[in-house]
Amino acid sequence: MAFTMFDRPSKQQMNEDNEITIHVKRIYETPSPEDGVRILVDRLWPRRVSKERAAIDEWMKEIAPSPKLRIWFGHRPERFATFAEKYAVELAQDPIRYERAVRICELAVQKHVTLVYAAKDPAHKPCECSAGLACSFLTIVSLCPL
């Protein structure tokens, strides 16, 4: 899954495609050069994945939804909209999460970025993965000083 914002003006140098590109990828998928900067966005390191195999450039565990919010969400699709709103508030109000979101934005302006997550079974956890990452992306883009 990739999110792209086209033709965003910037005071900074844009990546080679002249766009902000943030991909989302499971850590169990093979890393590729197209991933660009790989950022693990889960709170815990994934089981049975070595640091070499993961090929992670940065681990931003602080940007993950809070344990309280994840437990409340409970993989219940009917709670997605509220989860998204609450997670956006977490990102905006927590200085550390905000700093990490801005860092992702700064990297995405310069090169491709891939947010990496560790859900082993995406068929049973798509909401948590996609919801958190999609919310991260949308909030990050809104914070970008472009």
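For reference, positions follow the sequence shown, starting with 1. Here the structure is a predicted model, which means the values were calculated and not measured.
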* Asked: Under the salt bridge (charged side-chain N to carboxylate O under 4.0 Å, His left out) test, which residues partner Glu34, sequence neighbours left out?
  -> none

* To do: List the atom of Ala54, the atom of Val49, and the distance in Å for their closest heavy-atom pair.
  => CB-CG1, 3.7 Å

* **Trp72: ring pair (Phe, Tyr, Trp, His ring centres under 6.0 Å) partners, not counting sequence neighbours** => none

* Return yes if some donor-acceptor pair links the side-chain N/O of Asp94 with the main-chain N/O of Ile96 below 3.5 Å, else return no. => yes

* Is any side-chain heavy atom of Leu40 less than 4.5 Å from a side-chain heavy atom of Ile27? -> yes

* Asked: Can you list the residues that meet the salt bridge (charged side-chain N to carboxylate O under 4.0 Å, His left out) rule with Arg38, with sequence neighbours excluded?
  -> Asp35

* Should Val102 and Ile104 count as side-chain neighbours, where that means a heavy-atom distance under 4.5 Å? -> no

* To do: Output the distance between atom CZ (Arg79) and atom CD (Glu85), rounded to the nearest 0.5 Å.
  => 14.0 Å

* Close side-chain approach of Thr114 and Ile22, heavy atoms under 4.5 Å -> no

* Asked: Does any non-hydrogen side-chain atom of Ile56 lie less than 4.5 Å from one of Val116?
  -> yes

* When the ring planes of Trp59 and Trp45 are compared, do they come out parallel, tilted or perpendicular, using 30° and 60° as the limits? -> perpendicular

* **Heavy-atom check, side chain of Lys68 versus side chain of Phe73, under 4.5 Å** => no

* Can you name the salt bridge (charged side-chain N to carboxylate O under 4.0 Å, His left out) partners of Arg103, sequence neighbours left out? -> Glu58

* Asked: Is Val37 close to Lys111 at the side-chain level, that is, under 4.5 Å between some pair of heavy atoms?
  -> yes

* Asked: CD1 of Ile63 to CD of Glu99: how many Å apart, nearest 0.5 Å?
  -> 10.0 Å

* Interatomic distance, Ser32 atom OG to His23 atom NE2 [nearest 0.5 angstrom] -> 8.5 Å

* side-chain contact (heavy atoms from CB on, under 4.5 Å) involving Arg43 - partner list, sequence neighbours excluded -> Ala64, Pro67, Arg70, Arg97

* To do: List for me each residue that meets side-chain contact (heavy atoms from CB on, under 4.5 Å) alongside Thr30, sequence neighbours excluded, and say none if there are none.
  => none

* Closest heavy-atom pair and its distance - Val24, Tyr117 -> CG1-CE2, 3.6 Å

* To do: List the atom of Pro65, the atom of Phe83, and the distance in Å for their closest heavy-atom pair.
  => CG-CZ, 3.9 Å

* Asked: Is there a donor-acceptor pair closer than 3.5 Å between any side-chain N or O of Gln93 and the backbone N or O of Glu90?
  -> no

